Amino acid sequence: MAEPEVVAEPEERPRRRGRTPQLIGAAAVLGLVAGTCAGYVVQADRRPTKLPSLSQPVIKQATGEVEPLSAAQDREVRTDGDLRKLLLAKPNGAREANWVPADGWMGLAAYADEYPDPGDKFSDLDAHEFRRAAVTGWKVGSAYAVNIRLVQYRQEDSMGAVDTSHNLQDDAESASPTDSWSIPGTGDGRAYAYNRGPFYSAEAHAWRGDIAMEIWIYGTKPISKKTIRDLAERQMERL
């Protein structure tokens, strides 16, 4: 018995792309050309429109030299100079604080070392483009001690001053202060007091431009609103 003839299945042919897209594209091109030609015909039948004159009235240039801003008016001149000169002066009768650096400056490592985890703080300050910190402080009898820092940031890729100020304010709020107040003339600057005893403290945080201001007060007696706010307001006025 003869074997049945095996019929080979036809190979699958690749599908052809329809011509519709080509026709639509061609029609669009033809429509554009036709529209352009019609536009030329319409424009050719119109009377030429007179163009406005290119000449304009000459504005008289001011004469004389421009007087530059004084150092008191130009904030960048003040903050790019000796930042220590913008710190509040030690009041009469107050004693020098032994924790203030001899030259009044704190570098990145020294400033980070003031925090519970210096390694993490070092990385955080470096990411926020820490530039330098000017420091002062004093003791008022046995009542309280003051520490003031002006921390400056480069602010090329981040807003270090405002971010630092807001972070310190968040930390102060989380510590449940007994009182808090806004600092006049600073926008969102705030002062805080912790007067539960036996240890009393207060702090203030604000920023201006590329500088974050920090004020810390520690005492053996409750610290008043006037004490912390007055210091903060006067220090910010110098910026």
Side-chain angles (χ1 to χ4, degrees), residues 64-115 118 121-140 145-169 171-172 182-191 202-218 227-239:
E65 297 182 359
V66 178
E67 183 178 351
L69 293 173
S70 66
Q73 295 171 312
D74 192 341
R75 195 190 67 80
E76 287 192 3
V77 171
R78 301 199 306 277
T79 59
D80 281 341
D82 191 342
L83 206 59
R84 297 170 299 179
K85 293 181 179 180
L86 298 181
L87 289 163
L88 286 175
K90 177 173 65 68
N92 294 332
R95 294 179 290 125
E96 295 286 349
N98 55 10
W99 62 81
V100 176
D103 61 357
W105 292 110
M106 291 184 77
L108 177 56
Y111 181 73
D113 198 47
E114 295 288 308
Y115 287 81
K121 189 60 181 179
F122 186 97
S123 300
D124 179 65
L125 289 168
D126 185 53
H128 280 85
E129 301 175 306
F130 174 94
R131 178 180 174 186
R132 56 182 180 168
V135 187
T136 190
W138 57 80
K139 297 178 180 179
V140 181
V146 176
N147 189 7
I148 302 176
R149 301 171 185 168
L150 298 181
V151 187
Q152 190 170 35
Y153 297 83
R154 293 185 179 85
Q155 297 201 150
E156 296 172 355
D157 298 315
S158 67
M159 299 298 290
V162 62
D163 288 345
T164 296
S165 183
H166 288 171
N167 288 340
L168 288 171
Q169 288 180 27
D171 291 343
S182 62
I183 303 173
T186 64
D188 56 6
R190 293 199 68 80
E203 59 188 278
H205 304 288
W207 64 279
R208 182 158 293 155
D210 57 359
I211 295 176
M213 178 208 71
E214 306 172 18
I215 298 181
W216 310 85
I217 304 179
Y218 302 94
T227 299
I228 182 63
R229 277 222 317 183
D230 179 64
L231 274 176
E233 191 173 357
R234 288 193 294 117
Q235 179 59 78
M236 288 301 292
E237 285 175 353
R238 295 182 64 83
L239 297 179

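Quick caveat, the model's predicted, so the values are computed rather than measured.
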In sequence, state the C-alpha distance, the side-chain angles, and the governing distance for H205 and W216, and then conclude on side chain to side chain contact (heavy atoms under 4.5 Å, CB included). CA-CA 9 Å; H205 304 288; W216 310 85; 3.6 Å; yes
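V151 places none of its side-chain heavy atoms less than 4.5 Å from the side chain of L125. Side-chain contact between D80 and Q152: present, with at least one pair of heavy atoms (C-beta onward) separated by less than 4.5 Å. Annotation: side chain of L88 is not in contact with side chain of V146 (no heavy-atom distance under 4.5 Å). Side-chain contact check for K139 versus N98: some heavy-atom pair is nearer than 4.5 Å. Considering only heavy atoms from C-beta on, R238 stays 4.5 Å or farther from R234 through its side chain.
Under the 4.0 Å criterion applied to side-chain N and carboxylate O atoms, E214 and R149 are assigned as salt-bridge partners.
Rounding to the nearest 0.5 Å places CD1 of I211 at 8.5 Å from CZ of R131. Here the CZ atom belonging to R190 is positioned 11.5 Å from the NE2 atom belonging to H166, to the nearest 0.5 angstrom. Rounding to the nearest 0.5 Å gives a distance of 9.0 Å between CG of L231 and CE of M213. Interatomic distance, Y111 OH to R132 CZ, rounded to the nearest 0.5 Å: 14.5 Å. The line from CZ of F122 to CZ of F130 is 9.5 Å long, rounded to the nearest 0.5 Å. For the atom pair K85 NZ and L150 CG, the distance stands at 14.5 Å (nearest 0.5 Å).
Nearest approach of Q235 to L86, heavy atoms of both residues: NE2-O, 2.8 Å. Closest non-hydrogen pair, W138 versus P91, comes out as CE2-CD, 3.4 Å. Closest of all the heavy-atom pairs between A191 and I183 is N-CG1, 4.0 Å. Closest approach of H128 to Y153, counting heavy atoms only: O-CD2, 3.1 Å. Shortest non-hydrogen contact noted between P184 and R229 is CD-NH1, 3.8 Å. Closest approach of W99 to A145, counting heavy atoms only: CH2-CB, 3.4 Å.
Side chain of E129 to backbone of D157: a donor-acceptor contact under 3.5 angstrom is found. Side-chain N or O atoms of N167 include one that pairs as donor or acceptor with a backbone N or O of D163 at under 3.5 Å.
Residue W207 forms a side chain to side chain donor-acceptor pair (under 3.5 Å) with just one option from D188, T186, T164, and that option is D188.
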